[in-house]
Amino acid sequence: MTELNRRAFLASSASAVTGLAILPELAIAARPYRAAEPLNVALVGVGRQGRAILAELAKIENVKLAALCDSDPQRLEAGLRRAGGDAAAGATSLAGFADHRELLDRRKDITAIIVATPTHLHRQIVLDALQAGKHVYCEAPMASTIDDAKSIAAAARASKTVMAVGLEARSNPVYQLARTFFRSDSVRDLISMRAQHHQKTSWRVPASDPAREKAFNWRLDPAVSLGLAGEWGVQQFDVFHWYRDQYPVAVRGHGGVRFHKDGREIADTVQLALEFADGAQLDYSATLANSYDGRYEVLNGSNAAIKLAWSHGWMFKEADAPTQGWEVYANRQQFHNDQGITLIADATKLASQGKLKEGVGLPYPPTYYAIADFIKSVSESKPAVASADAGLRATVVGIAASQAARSGATVKIDPAVMKGA
Amino acid sequence: MPITLAVMAMATRFELVLDGLAEPTLRAAGEEAIAEIEMADQRLSLFRRDSLLAHLQRTAHLGPVRLDADVLGLFAVAKAVHGASGGAFDPTIGPLMRAWGLRGEPADESAARAAQACVGFDHVIIDPAAGTVRFTRPDLELDLGGIAKGFALDLATRSLRTHGVRSALLHGGTSSISAIGAPPNAPGWKIGLGDLGGSITLNSASMSVSASRRWRAEHADSPPIHIIDPRAGRPVDARTAASRACVVVAHHDPWSATRAEAWSTAFIVSGGLPPGDTGPEGLAAWRVATNSGSARSGPPGESLFFR
């Protein structure tokens with residue numbers, strides 16, 4: 001037995017289930033994307049997600065943030081100050097707008113618009129931007145009603161510009177690599193699926209102007225919010241849609257206010273079961289009362305399980321699963337009772353650079369890859385990685401999940417809508 | 001009633017005590033401030049592969065990298081304190097930290113001599129007009145551990161003020177503190193000074209403490225303490241160090257906690273400013289405890305802060 005094989009044998013026999021960290025080779029290059037031609041971009045909606053997008057946009061080369069738009073003067077001012085560099089030195093020509101129509105009218109030099117407003121306000125902004133001939137990136141969920149989502153998808157189909165939806169997993173190199181494992185039979189028969197997003201937070205946003213309290217706290221407004229099932233769930237459900245090329249046919253579940261008893265109606269804790277036509281089920285749990293284990297997705301198969309946690313991914317192989325060869329490069333990693341082996345695609349290279357012990361996560365946050373893919377689609381005239389039709393289907397599932405959590409009833413998903421009819 | 005929120009960030013615990021408004025309002029404002037602390041961590045962490053700092057390490061030696069106004073502000077404070085402290089504060093000590101065994105690897109004196117060549121904040125070129133930073137050496141390595149908690153507190157403090165909070169105390173790992181106003185019916189937030197003795201009262205001001213305590217006991221071969229003197233290129237020796245502990249108070253302004261933390265790092269290395277030097281603008285008070293037991297103090301009027 002060669003030394004490498006012997007080591008692999010010892011590592012894989014250390015426990016029944018072994019964990020393999022997944023990291024794609026391409027991520028190691030770690031150079032930010034550079035647009036072929038200079039590109040002027042505007043952001044509409046400078047809340048928390050908008051600010052996260054700004055941080056990632058700044059890393060992409062040859063892209064200029066030309067304008068910000070927000071209906072709240074204080075947020076707009078804070079966004080301009082943060083993004084504009086040293087304003088006193090006259091650093092940039094970054095413009096601020098309160099109304100997206102004014103932005104579209106006045107700034108013909110802007111070619112791409114990123115929409116990160118509250119979900120229920122996406123429709124008008126996206127339609128106006130597409131109408132004005134702009135490329136558009138719209139956060140997910142794409143809308144809070146099926147009508148709005150359908151009309152955005154229809155406008156995107158009719159448009160010659162790029163329309164991308166912020167379903168971030170599809171751009172994430174870890175998720176892309178894990179998907180090739182999933183589809184190459186490493187997992188074998190899919191037994192079950194599970195996902196969670198647990199985070200202790202009130203989900204309330206402070207407003208310095210009391211008149212804006214309700215508008216800022218749209219997530220807690222039952223008239224417009226899809227709640228945890230929609231606002232958080234959509235991103236995670238889509239991992240399974242994309243991996244399996246299948247969408248759920250029905251959702252059942254329940255939700256309630258278990259912790260934040262401050263008069264809110266939107267559930268702070270939900271549990272859902274998303275049923276697929278082939279009998280497979282995705283169990284989903286989301287809460288605002290506890291942070292344990294954060295956000296992840298798991299696919300359990302007869303040969304292995306895959307666990308995905310946005311910046312990291314692992315594969316847990318069964319002891320009787322066939323050896324595929326790449327386990328040779330594994331190093332050990334402890335997961336509670338299972339001493340697994342960590343595998344990363346370029347382990348030898350990382351080990352030679354002394355980087356294995358520094359952690360094997362992505363070199364940029366997941367949002368970076370989604371925004372970079374959008375800029376790449378615009379710059380290279382390629383279709384969006386997550387299209388408006390993918391956005392429509394994910395949003396329809398999110399709306400059904402939201403209704404199930406609220407009513408406690410089983411909600412069927414209309415196959416005609418899923419076909420984009 | 002005051003409420004307390006906390007978050008783990010920068011390998012320590014940040015805590016926020018908020019008072020003076022209704023609880024749901026305080027909680028919402030507090031969570032927004034916590035988001036700022038988490039964003040600061042996301043940007044400056046040495047231990048995250050996806051931080052802005054890691055991005056700078058990978059790319060800033062290739063050409064100018066755009067920074068947001070906050071991080072640009074942080075670099076400006078670092079540059080100012082680096083200059084005014086005669087290099088006693090210098091965030092480019094990354095290679096020295098590693099060579100002297102302060103990052104877990106064994107110490108290597110010959111590597112330390114080589115590391116000294118790539119230390120110096122002058123290798124960091126800040127262009128405020130363009131909003132960029134670049135490194136003049138590919139082997140330059142930033143370690144913002146002596147300033148990052150202050151930065152997180154300054155951003156959190158600004159966020160709380162923006163959202164109407166007028167009474168709050170924030171700390172990161174108990175060594176960096178920022179106060180907004182005072183608790184109800186009190187002149188300020190009273191902070192016990194432990195080793196330094198006595199207490200200090202803060203009302204809309206920031207403070208930072210540093211101490212030359214022993215490095216982790218299990219590293220028998222590593223130097224006795226965890227602070228590098230960037231000027232000498234080696235760790236400060238706790239037995240002969242100019243200072244044993246110090247506390248620095250900065251008047252409220254957008255960068256007061258950042259400035260206080262940078263100066264406390266500088267003072268633990270340098271032992272404070274020469275007698276008679278009233279110190280740089282923005283510092284309200286400081287006190288440095290020496291190894292001989294005496295205390296060297298800051299500008300006239302600083303005793304107002306100490307009890």
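Letters go in sequence order (proteins before strands), and every chain restarts at 1.
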Taking all atoms of both residues into account, what is the closest heavy-atom pair of B:D70 and A:R81, and its distance?
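Shortest heavy-atom contact: OD1-NH1, 3.1 Å.
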Honestly, is B:R58 close enough over A:Y364, meaning NZ or CZ under 6.0 Å from the six-membered ring centre and within 45° of the axis?
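Pair B:R58/A:Y364 counts as cation-pi.
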Does anything in residues 7-16 of chain B pair up under salt bridge (charged side-chain N to carboxylate O under 4.0 Å, His left out), and if so which pairs, sequence neighbours excluded?
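Applying salt bridge (charged side-chain N to carboxylate O under 4.0 Å, His left out) to every pair that reaches into residues 7-16 of chain B, excluding sequence neighbours, yields B:R13-B:E15.
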Quick check on A:Q74 against chain B: is it the side chain, the backbone, both or neither that has a heavy atom closer than 4.5 Å?
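Side chain of A:Q74 only, per the 4.5 Å heavy-atom cut-off to chain B.
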Enter the distance from [X]:[atom1] to [Y]:[atom2] here, rounded to the nearest 0.5 Å.
X: A:Y369; Y: B:D50; atom1: OH; atom2: CG; answer: 8.0 Å
X: A:L362; Y: B:R48; atom1: CG; atom2: CZ; answer: 11.5 Å
X: B:D68; Y: A:L57; atom1: CG; atom2: CG; answer: 12.5 Å

Residues from residues 134-172 of chain B approaching chain A under 4.5 Å (heavy atoms):
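Within residues 134-172 of chain B, the residues under 4.5 Å from chain A are B:R158, B:T162, B:H163.
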Would you please go through residues 23-43 of chain B and name the residues with a non-hydrogen atom below 4.5 Å from one of chain A, in numerical order?
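Against chain A, the residues of residues 23-43 of chain B that fall inside the cut-off (heavy atoms, under 4.5 Å) are B:P24, B:R27, B:A28, B:A29, B:E31, B:E32, B:A35, B:E36, B:M39, B:Q42, B:R43.
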Among the listed options A:R204, A:E61, A:K200, the residue most often paired with chain B at heavy-atom distances under 4.5 Å:
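Top option by heavy-atom pairs under 4.5 Å: A:R204.
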Looking at A:R258, I want to see if its CZ is surrounded by more than 12 non-hydrogen atoms of other residues, nucleotides or ligands under 6.0 Å.
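Atom CZ in A:R258 is not packed in, count stays at 12 or less.
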Just checking A:K59: does its NZ atom have more than 12 heavy atoms from other residues, nucleotides or ligands closer to it than 6.0 angstrom?
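Yes, the 6.0 Å shell around NZ holds more than 12 heavy atoms from other groups.
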Who pairs with B:F14 by ring-ring contact (aromatic ring centres under 6.0 Å, His included), at least two apart in sequence or on another chain?
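Listed in chain order: nothing, the list is empty.
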Heavy-atom pair count under 4.5 Å with chain A, highest-scoring of B:L52, B:V65, B:L62:
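Sorted descending by pairs with chain A, the first entry is B:L62.
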